[in-house]
Amino acid sequence: MSGKTKRCSNRAAQALRSRQSALGAYYRRMCARMDKPKAVTAAAHKLARLIHAMLRHGQEYTDRGQDYFEERYRQRVLHNLAQKAKTMGTQLVPSDNLA
C-alpha cells in the first residue's frame, strides 16, 4: 500500500480536532510538526495499533484524557533533556520560577 496521503476532507480529522482525548491531543501535536493530512494518517495509524492491541490481548480501551497525555509527553521531554545534558557533562537543575 502507498504511504502517500490523499487530499480530501476527513471526518476523523474533524472529530479529533475538537476532542479532549489523548488521541485528539496526539493529533494536534502531530499537526504542529507536519501538515494536516500526514497528521491524520499518523493518528489513524495510532488508532489502528490501539485496536489491534485490544483485539489481540482482549483488553478494554480506557481513554485517560488529554491532561494525562500532555503530562506524559512533558515528562518524556524532560527525561530526554536530562539524558542529553548528562552526555554533555552537565546537569539540569529544576527551577521553581515558571513564567
Side-chain angles (χ1 to χ4, degrees):
M1 294 185 70
S2 174
K4 291 186 178 182
T5 55
K6 295 180 181 180
R7 290 184 56 99
C8 67
S9 63
N10 193 322
R11 283 184 266 171
Q14 293 170 358
L16 289 172
R17 192 176 314 131
S18 62
R19 297 261 318 194
Q20 299 299 316
S21 65
L23 199 56
Y26 176 78
Y27 167 73
R28 287 186 294 278
R29 191 163 56 88
M30 290 294 111
C31 280
R33 272 199 204 163
M34 56 185 73
D35 58 344
K36 292 190 188 304
K38 288 187 179 183
V40 170
T41 303
H45 186 237
K46 187 175 185 80
L47 183 61
R49 287 188 310 226
L50 286 170
I51 291 170
H52 179 264
M54 287 181 351
L55 293 174
R56 183 173 184 185
H57 301 295
Q59 297 175 344
E60 231 178 80
Y61 175 70
T62 55
D63 186 19
R64 296 183 182 175
Q66 178 180 355
D67 296 332
Y68 175 77
F69 178 79
E70 294 295 335
E71 181 59 30
R72 277 192 59 215
Y73 176 70
R74 183 179 173 277
Q75 292 298 325
R76 193 167 47 244
V77 168
L78 288 175
H79 176 74
N80 290 339
L81 284 173
Q83 290 298 327
K84 283 183 184 179
K86 186 177 178 182
T87 60
M88 296 174 75
T90 60
Q91 182 179 4
L92 289 181
V93 178
S95 173
D96 293 335
N97 304 1
L98 295 176

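All of these numbers come straight from a predicted model, not from anything done at the bench.
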> Would one find more than 12 heavy atoms of other residues, nucleotides or ligands at under 6.0 Å from atom CZ of Arg49?
Replying inline: yes
> In Å and rounded to the nearest 0.5 Å, what is the NE2 to CG distance from His45 to Leu50?
Replying inline: 10.5 Å
>> In this structure, would Leu23 and Ile51 fall into the same cluster of hydrophobic residues linked by side-chain contacts under 4.5 Å?
In response: yes
> Which pair of non-hydrogen atoms, one from Ala85 and one from Leu92, has the smallest distance, and what is that distance?
Replying inline: CB-CG, 4.1 Å
> Can you tell me how far the CG atom of Leu78 sits from the CD atom of Gln75, to the nearest 0.5 Å?
Replying inline: 6.0 Å
>> Around atom CD of Gln91, are there more than 12 heavy atoms from other residues, nucleotides or ligands closer than 6.0 Å?
In response: no
>> Hydrophobic clustering (ILVMFWY, side-chain heavy atoms < 4.5 Å, transitive) - are Tyr73 and Tyr27 grouped together?
In response: no
> Got a sec, which hydrophobics cluster with Met30, joining ILVMFWY side chains under 4.5 Å apart, including via others?
Replying inline: Tyr26, Met34, Phe69
> Considering residues at least two apart in sequence or located in another chain, which fulfil the salt bridge (Lys or Arg N to Asp or Glu O under 4.0 Å) criterion with Glu71?
Replying inline: Arg74
>> Take a 6.0 Å sphere around CZ of Arg33 and say whether it holds more than 12 heavy atoms from other residues, nucleotides or ligands.
In response: no
